[in-house]
Undergrad: 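The following block contains the structure, expressed as C-alpha cells.
Here the structure is a predicted model, which means the values were calculated and not measured. Naming: A, B, ... by sequence-line order, numbering from 1 per chain.
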Amino acid sequence: MTETKTDKFTLINELARRRGFFWQAYEIYGGTAGFVTYGPLGTRLKQNIEKKLRDLFVNKLGIIEIESSIITPGKVFEASGHVGHFKEPMVECSKCNKRFRADHLLEEYARISAAEAEKMSLLEIKEAIKKNAITCPDCGGSFNEPQQFLTMFVTTIGPYSGATGYGRPEAAQGIFVEFNRLYTIARERLPFGVLQIGHALRNEISPRQGLIRLREFTIADLEFFFDPEEPNCHLLKDVENDILPILTAEKRLKGSEEILNITVKDALKQKLISSEWQAFFMAIAKKLLIDLGVPSNKQRFIEKLPWEKAHYSTQSFDQEVLVDRWGWIEVSGHAYRTDYDLKNHMEASGVDLRVYKEYAKPIEEEQLVVKPIMAKLGPVFKAESAKVAELLASVPAEEVMAALEKNGFYQIQNYKILPEHVSISRQKTIVRGKRFIPHVVEPSFGCDRLFYVALEYAYHAKDDRVILRFPRSISPIQVGVYPLVSKDGLVEKAEAVYKLLVMEGFSAEFDDTGSIGRRYARADEAGIQLGITIDYDTLNDDTVTVRDRDSWQQVRASIKDLPELLRRYFMGKINFHELGTLIQNK
RNA sequence: GCGGUCGUCGUCUAGUUGGUUUAGGACACAAGCCUUCCAAGCUUGCGAUCCCGGGUUCAAAUCCCGGCGACCGCACCA
C-alpha cells in the first residue's frame with residue numbers, strides 16, 4: 001500500500017480541507033469518527049446535487065417531497081422491523097479476539113435457522129453455543145459473553161426517560177407513517193411517489209473511508225406507491241431502450257463478475273428485474289449519475305444476494321460507482337419493499353393504511369346468505385342466541401346449506417341448527433371497488449456518496465494544476481469576475497459587472513488579488529465554471545472575456561447580453577462557443 | 001472491537017539514536033510595489049505551546065503509558 005499516499009482519495013481530502021469542501025467534524029477536540037462538516041464550497045456543491053435530485057424527481061416526475069423528524073418514537077422502528085434487524089448478536093473469541101456474528105455461527109454449526117436465531121435472546125444464544133460446543137472457527141478458543149450491537153442511536157424522548165426514541169437510520173419510515181395524509185394530499189391516486197432528503201443516523205461500529213461511511217449522513221429516500229395489480233409503469237417508454245449494466249445474483253452465485261449490458265425493456269422481459277417501476281428508477285438513477293459526471297461505464301447495478309438483502313425487500317439492486325481507492329462503492333439502493341412497511345404499521349398502529357380504489361365498472365356478485373331468524377333462535381338458545389348468530393355469520397354459507405340439506409341440521413360447536421332457525425337466500429351485492437395495501441419500490445441515494453463521486457470524477461490534474469471539472473449544473477460557483485489588473489479603473493468596472501451578475505441570480509465570486517493567471521488557477525481548483533475578465537477593451541466597448549474552466553478558451557461578449565447568455569448556458573441550452581466570439585490567444 | 005502504520009503552521013512536510021530548534025522549508029494567505037490573460041518577480045507580514053493527558057529525565061516533538069483521531073487488514077456496513 002505504498003501508492004495510497006497520492007491516490008485520489010488522499011488528494012481530494014487534502015483539497016477538500018484546504019479549499020473548504022469538507023473536513024472531519026469537531027477537530028479542535030480531536031475529531032470524532034463518522035461525522036463531517038461541509039465548508040462553503042462543499043455546502044454549495046451538496047445543495048446543487050440535492051437540487052438535481054429534486055429537479056429529476058419532484059419537478060420532472062411530479063413526486064411530492066416532505067420533511068419529517070429525525071428523532072422517531074420507538075414504536076415506529078419496532079413496527080418496521082428495524083429494532084429487530086439493526087442489532088446483531090456478536091461473540092468474541094477469548095483467545096484470538098476475533099469477532100463473529102453469533103447467529104451465523106449457530107446457523108453453521110448448530111443447524112439453527114436464521115429465522116430462529118433471530119428470535120433468540122442473548123441467554124439462549126449463550127446456552128446454544130455451550131450446548132453445541134461451538135468454538136472459534138479460527139483458533140478453537142472459547143467464546144465469551146454474547147453481546148448485542150444496536151446500530152441505531154438510542155435516546156429518550158422527554159426528560160423523565162419515559163419513551164425510547166431512535167435516530168432514524170433511514171428517511172423512509174417518516175414517509176410510511178404519514179401515508180394516509182400524503183395519499184389524501186396526492187388526491188387519492190396511484191401511483192404516486194414521496195421523496196424525503198434529510199439526515200439519517202447509523203451508529204456504525206467503525207466508520208472509515210471518509211465521506212463513504214458516516215454515522216450522520218444525508219439520505220434521499222423515494223417511496224413510490226403503486227397498485228400491485230396494475231404494476232405497469234406508464235413512463236417506461238421514456239427509458240425502455242436505456243442500457244442498464246447489471247450484475248445478476250445468479251452470476252454472482254457462480255462467482256462471476258460479468259456485467260450484462262441490457263436494455264430496460266429486455267431486463268424486464270427476461271425477468272431480471274421484477275418490477276417495471278424499479279427498472280424505471282434504476283434507469284433514472286443511471287442518468288442522475290451521468291449528470292453528476294460519472295460516465296456510464298463506471299457504473300453498475302449489482303443484485304443483492306438473498307442474505308444480503310434488507311429485511312423488507314424482495315429484490316434489491318445496489319447502484320455502484322467505480323472509485324480510485326476502493327473499487328466499486330454503493331451510491332444508491334433500489335429495493336422492492338412490497339407492502340411490507342405499510343402492512344407492519346397497519347398491524348402495529350391499528351390504523352387502516354389501505355387505499356380504496358373504485359372499479360371502472362361495479363361488479364355484481366351473487367352471494368348465498370344465511371340469515372338467522374332471531375324469533376326462532378331466541379326461544380331455543382335463550383341467552384346464547386346472540387353468540388349463535390355470530391358463529392353462524394363466521395362460517396361459509398355454502399357449508400351451512402350443504403349440511404342442512406344433507407343431514408337436516410348443522411352442528412356448530414355445541415349448538416344444533418335446524419332448517420327453521422335460518423333463512424337462506426341468494427342476494428345480489430354490488431362491489432364498487434377494492435381495498436388494498438399499495439406496493440412500494442424504493443430508490444434510496446446516499447447524498448454524501450454522490451457528493452464524493454462527483455468530486456472524484458471532477459478531479460483532474462493538468463501539469464501542476466488541479467481542475468475540478470464539475471458538470472455546469474452542479475458547479476459550486478458559476479462565475480468568477482476579475483479585473484485584468486488592479487488599476488486604471490478596471491477594479492471598479494469589474495465590481496459593477498460582479499454586482500450585476502449577483503443581482504441576476506448567479507452564484508459569483510469577485511477576485512482582484514495577484515496575477516490573472518493565479519486567479520484562474522485558484523478558480524479552476526474551486527471548480528468555478530466560467531471566468532469573466534474585465535480588460536482595457538471593456539472600458540471602450542463594454543465587452544468582457546469569458547473563460548471556460550475546462551478548455552481554457554476565451555470568448556468575448558457584451559456585458560448587456562451576459563445575463564441572458566449565461567442563463568441559457570447554465571440551463572444547458574447553449575454551449576460555451578455560443579457565448580461570444582472566440583479569442584485567439586497568443 | 002482486535003492487529004499494523006501513523007498524528008509537526010491553513011496545506012504538504014524537515015527534524016524523531018532525547019540537548020545550539022527562539023521547531024526549519026515549500027505552497028497558500030494578507031499588505032505594498034509590479035503586472036494588458038493562465039500559480040512570474042521583489043519587500044513586508046501572518047501563521048505550530050509538535051493530537052490530548054500523564055509519566056521518565058537536568059533536559060521530551062523525540063522515550064514510556066493511557067486516551068482521541070487517520071489509514072490499511074480482520075470483523076461490521078440491516
Undergrad: Is it the case that the base of B/C38 and the side chain of A/Arg547 share a donor-acceptor contact (distance under 3.5 Å, atom types as modelled)?
TA: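 For A/Arg547, whose side chain was compared with the base of B/C38, there is a donor-acceptor pair (under 3.5 Å).
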Undergrad: Closest to the A/Arg17 side chain: B/A39, B/U11, B/C72?
TA: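 Between B/A39, B/U11, B/C72, the one nearest the side chain of A/Arg17 would be B/U11.
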Undergrad: Please name the nucleotide paired to B/A40 by Watson-Crick or G-U wobble geometry with both distances under 3.5 Å, or report none.
TA: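 No nucleotide pairs with B/A40.
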Undergrad: Answer with base, sugar-phosphate or nothing: what part of the nucleic acid does A/Gln209 contact at a heavy-atom distance below 4.0 Å?
TA: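 Here A/Gln209 touches the backbone only, sparing every base.
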Undergrad: Nearest to the side chain of A/Tyr536, which nucleotide is it out of B/A39, B/U36, B/C76?
TA: B/U36
Undergrad: Report yes if a donor N or O on one partner sits less than 3.5 Å from an acceptor N or O on the other, where the partners are the side chain of A/Arg518 and the base of B/C37; otherwise report no.
TA: no
Undergrad: Could you work out the separation of B/C34 and B/G19 based on their C1' atoms and round it to a whole Å?
TA: 46 Å
Undergrad: Is there a donor N/O on one and an acceptor N/O on the other, under 3.5 Å, for the side chain of A/Arg208 and the base of B/G69?
TA: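 Side chain to base: no pair below 3.5 Å.
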Undergrad: Is any side-chain N of the basic residue among A/Arg337 and A/Glu170 closer than 4.0 Å to the acidic one's carboxylate O?
TA: yes
Undergrad: Across all strands shown, which nucleotide pairs with B/U21 by Watson-Crick or G-U wobble geometry, both distances under 3.5 Å?
TA: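 Its partner: none found.
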Undergrad: Give me the one residue out of A/Arg252, A/Gln315, A/Lys309 that meets side-chain hydrogen bond (donor to acceptor under 3.5 Å, both in side chains) with A/Glu303.
TA: A/Gln315
Undergrad: Can you tell me if CD on A/Glu250 sees more than 12 non-hydrogen neighbours from other groups inside 6.0 Å?
TA: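 Atom CD in A/Glu250 is not crowded, with 12 or fewer foreign heavy atoms closer than 6.0 Å.
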Undergrad: Please classify the nucleic acid contact of A/Arg519 as base, sugar-phosphate, or nothing, using heavy-atom distances under 4.0 Å.
TA: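 Nothing: the residue A/Arg519, judged by heavy atoms under 4.0 Å, touches no strand.
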Undergrad: Which one, B/C12, B/C37, B/C76, comes nearest to the side chain of A/Thr545?
TA: B/C37
Undergrad: Looking at A/Trp326, I'd like to know whether one of its side-chain N or O atoms comes within less than 4.0 Å of OP1 or OP2 on B/C72.
TA: yes
Undergrad: Mind checking if A/Ile516 touches a base, just sugar-phosphate, or nothing, with heavy atoms under 4.0 Å?
TA: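 Counting heavy atoms under 4.0 Å across all strands, the contact made by A/Ile516 is with sugar-phosphate only.
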Undergrad: Tell me whether A/Lys46 forms a cation-pi arrangement with A/Tyr38, defined as NZ or CZ under 6.0 Å from the six-membered ring centre and within 45 degrees of its axis.
TA: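 Pair A/Lys46/A/Tyr38 counts as cation-pi.
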Undergrad: Determine, for A/Tyr569 and A/Arg472, whether the Lys NZ or Arg CZ falls below 6.0 Å from the six-membered ring centre while staying within 45 degrees of the axis.
TA: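 Judged by the rule, A/Arg472 and A/Tyr569 form a cation-pi pair.
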Undergrad: For A/Asp548 and A/Lys309, take the nucleotide of RNA chain B holding the closest heavy atom to each; which residue's nucleotide lies nearer the 5' end?
TA: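 So the residue in question is A/Asp548.
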Undergrad: Examine the base of B/C12 for any acceptor or donor lying under 3.5 Å from a partner atom in the side chain of A/Glu14, and report the outcome as yes or no.
TA: no
Undergrad: Taking only N and O in the side chain of A/Arg549, is any of them less than 4.0 Å away from OP1 or OP2 of B/C38?
TA: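 It does not, given that no N or O in the side chain of A/Arg549 lies less than 4.0 Å from OP1 or OP2 of B/C38.
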Undergrad: Consider the side chain of A/Arg465, meaning its heavy atoms from C-beta on, and name the nucleotide among B/C38, B/A70, B/C71 that approaches it most closely.
TA: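 Taking heavy atoms from C-beta onward, the closest nucleotide is B/C38.
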Undergrad: Counting side-chain heavy atoms from CB outward, which of B/A31, B/C71, B/U36 is closest to A/Thr513?
TA: B/A31
Undergrad: Of the nucleotides B/U36, B/C76, B/C38, which has the atom closest to the A/Gln554 side chain?
TA: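 Closest nucleotide to the A/Gln554 side chain: B/C38.
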Undergrad: Rounding to the closest angstrom, what is the interatomic distance between B/G73 and B/U57 at atom P?
TA: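 B/G73 and B/U57 have their P atoms separated by 42 Å.
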